[in-house]
Each structure stands twice: as structure tokens, then as C-alpha cells.
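These numbers come from the heavy atoms of this one structure, side chains and all, not from hydrogens, waters or symmetry mates.
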Amino acid sequence: LICSERERLPGEWQPLLPIVKQIELTPFSSREAEEFLLNRGITDPRAIQTIQDLSGNLPLMLVLLSTEPAVKVDELSATQNVIERFLKWVPEQESVKREAVIACAFPRFFDEGLIGSLLPGADGKELFAWLCRFSFTTGHTGRWRYHSIVRRLMIQHRFDQAPEQYLELHRRLVAYYEVRLAGLDWMKQKDRDYQQLQALELEWLYHRLCQNQGFDTFVTLFLSAFRRSFYAQELVNTFMEVHEDLRGRSSLHEWYELFRQVPQCRDALDCSLPDWIPLFERLAEYEGLSDSTLRAFVHYELGYFYVSQRR
């Protein structure tokens with residue numbers, strides 16, 4: 001008897017566990033993926049490599065991309081074709097679900113409340129339960145996310161097919177997180193939850209940056225948190241993730257390269273490292289930094305870096 005399920009067997013199975021073997025289906029190795037594709041009749045080495053690159057060897061994506069043994073490499077490379085293959089699993093009359101499966105890829109995390117704001121009029125609870133059944137979504141305690149490969153394919157598909165709808169979904173998410181932030185009434189709290197504030201702020205910032213907006217805000221938040229390494233690190237990680245998600249659509253490539261040149265600082269923000277010098281030299285020239293205190297801070301830190309290097 002073979003059965004499959006998203007989660008491990010619940011407690012009711014405890015008496016039978018000694019005679020049960022549980023196998024977790026993780027992404028295939030390159031060798032396993034190649035063997036899987038060969039067994040499905042795909043023998044062209046270029047097609048095999050392309051499918052592996054697109055799927056990340058995620059079993060569901062391997063299945064979707066290998067439904068036609070004679071598939072052409074050029075067709076595989078088209079995001080539209082990949083998503084259309086996936087949407088074949090969702091009946092055309094289920095228009096809300098077809099929209100939900102793409103729209104809910106936009107947030108980095110989703111829950112029932114977010115789905116309700118992202119798709120006005122839809123049953124957020126029902127859609128959340130439906131999405132959680134897919135193998136490409138994972139999470140716990142109401143906080144779920146898409147597999148990174150599936151997520152980026154969905155977002156790229158929406159951008160290619162409807163750029164204005166792409167922007168509208170990010171605008172809705174910005175509005176959603178603005179409401180969440182305002183609802184904290186943070187300044188009146190006795191026991192302020194900094195982590196909750198920062199988590200919401202990062203998601204709000206992420207969706208602004210995805211619209212090529214909010215970079216000045218990012219710079220302000222980053223410099224304000226520079227000596228508090230954890231949050232500064234989270235801000236940097238968010239900015240880097242935006243650039244990777246936009247896949248060349250970002251207008252901030254120069255800044256991405258400056259942050260990318262300090263990989264060890266991304267791991268641990270040691271503010272004395274000389275690797276920060278090129279970034280801070282550029283920040284000293286950045287006209288979007290209007291806060292005089294932060295501008296003075298940039299010059300102070302830059303001077304400190306120079307002295308530490310005897311420049």
C-alpha cells in the first residue's frame with residue numbers, strides 16, 4: 001500500500017509506524033533528475049539541461065516540463081509555456097483560483113488575511129487552504145511561502161503578460177503592509193515589539209522596491225540601523241532579493257553591485273571592514289540622501305574607514 005501526503009503521518013498512525021517506511025520527496029539530484037527525464041522519453045541533452053535549470057530539480061516542475069517528450073528547448077525557455085502547463089491543472093471555470101495561484105506568489109509570505117487583501121471579494125480562508133495543498137508551498141502557523149523557483153516563474157509570467165497588473169499587485173501589498181504597520185500603534189505600546197515592526201517594514205519596503213520605488217527610504221533605514229547589525233543585515237538582504245527577483249528590470253544595478261562587493265559584510269556587518277569604502281563613497285555623493293544627520297554620519301564613517309586604512 002502506497003499513499004502520499006504533504007505532512008508526516010499524524011499521531012493516529014503511531015501503532016503502525018514500525019511497519020511503515022516514510023520517504024520525503026525532496027528536490028532530485030542532477031543524476032536523479034536526468035534519469036527521471038530519460039524515463040519520460042526526453043533524450044535531447046540540451047532539453048534535459050534546460051529542464052533542470054528551469055525546475056531546480058523540483059519534482060512537480062520536472063513533471064510539468066516533461067509532459068511532452070518531443071518538447072523544443074526554445075519552448076521550454078518561455079516562462080509563459082511553463083505556467084500554462086501548470087494552469088492546466090486548474091479548471092478554466094475556476095477563475096479565482098487561477099488568479100490566486102499567480103497573485104499569491106507575489107508576497108514573500110502569505111496567510112488568509114493577506115489573500116483577502118490581495119484578491120478583494122475572494123474567500124481568503126478557502127484559497128489559503130487550497131494553496132497549502134500544493135507541493136510548492138511550505139510553512140507553518142498560518143505563514144506560508146512558495147518555492148523560490150515556482151514563485152519567480154509566476155511573477156515573471158504576470159510581468160510578461162500584464163505589466164500593469166504586475167504593478168497593481170505590488171501596490172496592493174504595499175497598502176496591505178501600510179495598514180498593518182499603522183495598526184500596530186507602535187509608539188503607544190509599553191512593550192514594543194521591534195521584531196514585528198521590522199518584519200512588517202521589510203515586507204512593505206520589498207514591495208515598494210519591486211516597483212522601482214522607495215530606494216531613498218531603504219538608504220535612510222539602512223544608515224539608521226548600520227550600527228545595529230541584525231536589522232541592517234535584513235535590510236541589505238531584502239534589497240539584494242529584490243534585485244534578484246526583478247531579473248534585470250531594476251534601475252538600481254549600480255547599487256546592487258556595490259552591496260554585492262561586500263559579501264563578508266552581508267554575513268556579519270563588521271562596520272570596520274574596508275570593504276564598505278566604495279559603498280560609502282557613493283553614499284556621500286548620493287543626492288537622494290536628504291537627512292543632514294545621516295549625511296554627516298556617512299562622512300564620519302567614511303573618515304573612520306580611511307583612518308583605519310591610513311588613507
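Heavy atoms of other residues, nucleotides or ligands lying less than 6.0 angstrom from CD of Glu287 number 12 at most. Counting heavy atoms of neighbouring residues, nucleotides and ligands inside a 6.0 Å radius, atom OH of Tyr300 does not exceed 12 of them.
In this structure, Val179 is not a member of the same hydrophobic cluster as Leu119, with clusters built from ILVMFWY side-chain heavy atoms closer than 4.5 Å.
Listed for the Asn212 side chain is a donor-acceptor partner under 3.5 Å among the backbone atoms of Arg249. Panel note: side chain Glu301, backbone Val298; no donor-acceptor pair is recorded below 3.5 Å. Formation of a donor-acceptor pair under 3.5 Å by the Ser250 side chain with backbone atoms of Leu246 is not found in this model. A donor-acceptor pair is defined here as one N or O able to donate and one able to accept, closer than 3.5 Å; such a pair exists between the side chain of Arg151 and the backbone of Ala105.
Leu258 has its side chain out of reach of Leu283: every pair of non-hydrogen atoms, C-beta onward, lies at least 4.5 Å apart. Within the 4.5 Å cutoff, side-chain heavy atoms of Val90 are placed close to those of Trp130. Taking the side chain as every heavy atom from C-beta outward, His207 and Leu169 never approach each other to under 4.5 Å. Gln165 places a side-chain heavy atom less than 4.5 Å from the side chain of Arg158. Put simply, the side chain of Thr137 does not reach to within 4.5 Å of the side chain of His147, judged on heavy atoms. Using a 4.5 Å heavy-atom threshold, the side chains of Leu302 and Trp276 count as separate. At least one side-chain heavy atom of Leu16 sits under 4.5 Å from a side-chain heavy atom of Ile19. Two residues are said to be in side-chain contact when any heavy atoms from C-beta on lie closer than 4.5 Å; Phe136 and Ile149 fail this criterion.
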| Does the side chain to side chain contact (heavy atoms under 4.5 Å, CB included) test come out yes or no for Leu223 and Arg295, once each step is laid out? | CA-CA 9 Å; Leu223 290 174; Arg295 183 169 288 280; over 6 Å; no
| query | Given Leu131 and Ile115, is the side chain to side chain contact (heavy atoms under 4.5 Å, CB included) satisfied, shown in steps? | reply | CA-CA 11 Å; Leu131 286 168; Ile115 293 174; 4.1 Å; yes
| request: Go through Leu181 and Trp204 one step at a time and tell me if the side chain to side chain contact (heavy atoms under 4.5 Å, CB included) criterion holds. | output: CA-CA 9 Å; Leu181 284 165; Trp204 169 81; 4.1 Å; yes
| query | Between Ser117 and Arg172, is a side chain to side chain contact (heavy atoms under 4.5 Å, CB included) present by the stated rule, with each step listed? | reply | CA-CA 7 Å; Ser117 296; Arg172 290 179 188 177; over 6 Å; no
| task | Report the C-alpha distance between Arg108 and Glu241 in whole Å, list the side-chain angles of each, state the deciding distance to 0.1 Å, and finish with yes or no for salt bridge (charged side-chain N to carboxylate O under 4.0 Å, His left out). | result | CA-CA 10 Å; Arg108 296 195 291 181; Glu241 185 173 343; 2.9 Å; yes
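The two residues Ala47 and Ile42 make their nearest non-hydrogen contact at CB-CG2, 4.1 Å. Taking all atoms of both residues into account, the shortest heavy-atom contact from Leu205 to Gly214 is CD1-O, 3.8 Å. In terms of heavy-atom proximity, Leu202 sits nearest to Thr238 at CD2-OG1, 3.5 Å. Taking all atoms of both residues into account, the shortest heavy-atom contact from Ala122 to Leu127 is CB-CD1, 3.7 Å. The nearest pair of heavy atoms linking Ala225 to Ala232 is O-CB, 3.3 Å. Heavy-atom minimum distance, Pro107 versus Leu114: CG-CD2, 3.6 Å.
Atoms OH and CG, on Tyr146 and Leu153 in that order, are 12.0 Å from each other to the nearest 0.5 Å. Rounding to the nearest 0.5 Å gives a distance of 12.5 Å between CG of Leu294 and CZ of Phe226. To the nearest 0.5 Å, the span separating CZ on Phe106 from CE on Met154 amounts to 11.0 Å. The distance from the CG atom of Leu167 to the CD atom of Gln211 is 6.0 Å, given to the nearest 0.5 Å. Between the CD atom in Gln156 and the CG atom in Asp245 there is a gap of 10.5 Å [rounded to 0.5 Å]. Distance check, rounded to the nearest 0.5 Å: CD1 of Ile102 to CD1 of Ile155 gives 11.0 Å.
Tyr306 and Glu281 are linked by a side-chain donor-acceptor pair at a separation below 3.5 angstrom, with hydrogens and angles left out of the test. Tyr231 and Glu201 are linked by a side-chain donor-acceptor pair at a separation below 3.5 angstrom, with hydrogens and angles left out of the test.
A centroid separation of less than 6.0 Å is found between the aromatic rings of His170 and Tyr166. Separation of the Phe215 and Phe239 ring centroids falls under the 6.0 Å cut-off. For an aromatic pair to be called close, the ring centres must be under 6.0 Å apart, and Tyr256 with His243 satisfies this. For Phe280 and Tyr304, the distance between ring centers is not under 6.0 angstrom.
A cation-pi contact links Arg145 to Phe109, judged by a cut-off of 6.0 Å to the six-membered ring centre and 45° from its axis.
No salt bridge links Glu92 with Arg98; every basic N to acidic carboxylate O contact stays at or beyond 4.0 Å. The pair Glu254-Arg282 meets the salt-bridge criterion, with a side-chain N (NZ, NE, NH1 or NH2) lying under 4.0 Å from an Asp/Glu carboxylate O. Taking the charged nitrogens against the carboxylate oxygens, Arg171 and Glu168 do have a contact shorter than 4.0 Å, which makes a salt bridge. Look at Glu244 and Arg260 and you find no salt bridge, because none of the NZ, NE, NH1 or NH2 atoms lies under 4.0 Å from a carboxylate O.
The aromatic rings of Phe110 and Phe128 sit perpendicular to each other, their planes meeting at more than 60°, with 30° as the lower class boundary. Aromatic ring pairs are classed by plane angle as parallel below 30°, tilted from 30° to 60° and perpendicular above 60°; the pair Phe259 and Phe222 is perpendicular.
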